[in-house]
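One structure is given below, encoded as structure tokens.
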Amino acid sequence: MSFASTLEHRLLCQFQAEKGSLERLLRVIRVRGFDVQKMELAIKDGIYHLEILVMGERCIDNLQAHVQKLVEVIGISKLPEVEPVTALERCA
Amino acid sequence: MTTGAQAITASLEKHGVTTLFGYPGGCIMPLYDALIEANLTHILCRHEQAAALAADGYARASGKLGVCVATSGPGATNLVTGVANAYMDSIPLLVISGQVPSGLIGTDAFQETDILGMTFGIVKHSYLVEEVNELPAIMEDAIRLATSGRPGPVWLDIPKDVLLQPITNSQSRSDTISEPEPNPVDAETLAQAFQLINAAQRPLIYSGGGVMAANAEQALRNLAEAGGFPQVQTLKGIGNAGSDNGLDLGMLGMHGSRAANEAISACDLLLGIGVRFDDRATGKIAQFAPQAKIIHLDADTSEFNKLKQVDCCLRGELGHTLDSLSCGLTKTRDISEWQAHCRTLKATKSFHPTPDPDEQAAIDGPEFLSLLSQIKPASAVVTCDVGQHQMWVAQYMHFGHPRQHLSSGGLGTMGFGLPAAIGAQLAKPDACIINVSGDGSFMMNMQEMATIQRYKLPVKIIILDNQRLGMVRQQQELFYGERYSEIDLSDNPEFSTVAAAFGLHALCIEARHQMRRGIETLFAYRGSMLLHVKIKENTNVWPIVKPGASNQEMIDPFAVQSTASTTIKPHHA
Ligand SMILES: Cc1ncc(C[n+]2csc(CCOP(=O)(O)OP(=O)(O)O)c2C)c(N)n1
């Protein structure tokens, strides 16, 4: 797509810790054109907190919209390019 | 005490489900046991794929939830194509499969498959139900999810022991899932849309399957009427414009009318309504609607700017959004010149069959379907299979409502037509349901003649038999240098004899002069009947846009002096 660029993106995502919800999320990332570079997952009170670095040529906003559509996803946001904070620290 | 299985039937009854389609087997047997007492009609299809496709056809024809059921392992995997079909076309489906008992999951038990893992990509949502007390709440969630927002299939995989266990303490799930209600479109975005509309000199509506999903065809027609907008549709949008609309240019895209594709190229404002800019509709996306500003209306945010950057996104329930647009439409520019241009396009560049003067000549698919379109009852529902015949139905038949034209759009599933017709007939017992199939597609689910016979469904079956996988043959002719590979079906069985073996009445015709009588006999016959129509073997679907090319590069040997079309030699056979 003409409006795309090759980039790494850091995303923070909270979603319900249901059977298969992590697979579902990773599948969307793969199918919508991104590769996982690094990820950190923590669980608290039945909610997964995932910090994930993805790389892909497509528009990251589209990926966010597709992830957001997953029924178990509570929220997804882009993180600024700063030193990573662990997912556990974030859910504290 | 209520068991898991009984909780399912009770929930279906509570939600007004009357009909489900399925096939029994080991792990789903507790549910089949509960069906004996339930106030539900179960239709035994003869293949789980057909059960899923019939549930899909039921949902398309009625606008209600379709329900299908199968056992674990092969039963569940057989459902997959039908569920993918519903997913691609956003059809509300509840899919229930049995699973091996909880303790055996993960042991490669007899008839165990990880159906949850296998189907993530073709469901709106899915559950492996582990706790029977959660089952009633999961049923609530599942039915709501399947039918709300952008509809789609929701799959429940339920271990056999969970189906058998008593419900002791029905729980509401703490994390009961709800989709955010789409906000009404905000005033600012709406104002932006009006600005674009008011500035446009050549506005055009491009509508799709989202209109049917939202039951918004009347709202769409009101907007078109209020603005005097010409329209084109996707395959799934056929019927959106209603019948006898002088500004309806028909289907766009790979096999769309030249009128529709040329209007898309010429318009300066495109109103995309319940569409997803699919490649079969847009052709090479970079050259799609090159002069136009685009307003996109949809229920699903993830469709915005997915393939094409647009100028204004209106997210929300389509009916509401369309009403807001219609009501707020102030005086638009004078677009009468553009309207006149579109009327001329319709008159000169849409689909009109050219009848062969020879009455003894072989039957031409498009001419037959034009005649069928004239003779069929106005309220008839046509289900298609996939291939040339499907495109000819889209091109040459007329539909007053999108729920009258049931076609497998996104997945393009050969074998869809017959089970979909079964579903449609059960949804609309009094309607005339016609399945137009090809000789290849028909054999993908022809065992369903047994279902038709068992339930005495008066489905009318038409096979357009070109003794070929016609659409593949056409592409091999045009794009693979006439190197034909595995498309010959000249050793087809005698379809009339096959139909007779299932107890169906059948008739075979092969010359033009038999067409009218054949069609009239089909409609006059009470009950199901198969009309085997031998058609010319090498007719192509025109126009065609080569996959990956732009819609401006339509190939159409019959184009007269069209600057937008490439002219190539027609195939005479
Ligand atoms: C299940 C499935 N397998 C393969 C295809 C690829 N395919 C698309 S059209 C077509 C030929 C269909 O032949 P037929 O049903 O006889 O229709 P015709 O094109 O001759 O009208 C094939 C094989 C498909 N769409 N679906």
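Below, chain A is the first sequence line, B the second, and so on; all start at residue 1. Quick caveat, the model's predicted, so the values are computed rather than measured.
- Listed here is the closest heavy atom pair of B:Leu116 and A:Lys19: CD2-O, 4.1 Å.
- If you measure heavy-atom distances from B:Val123 to chain A, the contacts under 4.5 Å come from the side chain alone.
- With a 4.5 Å cut-off on non-hydrogen atoms, B:Glu303 does not touch chain A at all.
- Looking only at distances, a side-chain donor or acceptor of A:Asn62 sits under 3.5 Å from a matching main-chain atom of B:Asn305.
- For B:His320, the NE2 atom counts as loosely surrounded, since its 6.0 Å shell holds 12 or fewer non-hydrogen atoms of other residues, nucleotides or ligands.
- For A:Arg27, the side-chain contact (heavy atoms from CB on, under 4.5 Å) test picks out A:Arg30, A:Val31, B:Phe120, with sequence neighbours left out.
- The side-chain contact (heavy atoms from CB on, under 4.5 Å) check on B:Gln111 picks up B:Ser72, B:Pro74, with sequence neighbours excluded.
- The CG atom of A:Leu63 sits 10.5 Å away from the OG atom of B:Ser302 when rounded to the nearest 0.5 Å.
- Side chain of A:Arg24 to main chain of B:Ser126: a donor-acceptor pair is present (N/O by atom type, distance under 3.5 Å, no hydrogens or angles).
- Nearest approach of B:Lys124 to A:Val71, heavy atoms of both residues: O-CG2, 4.1 Å.
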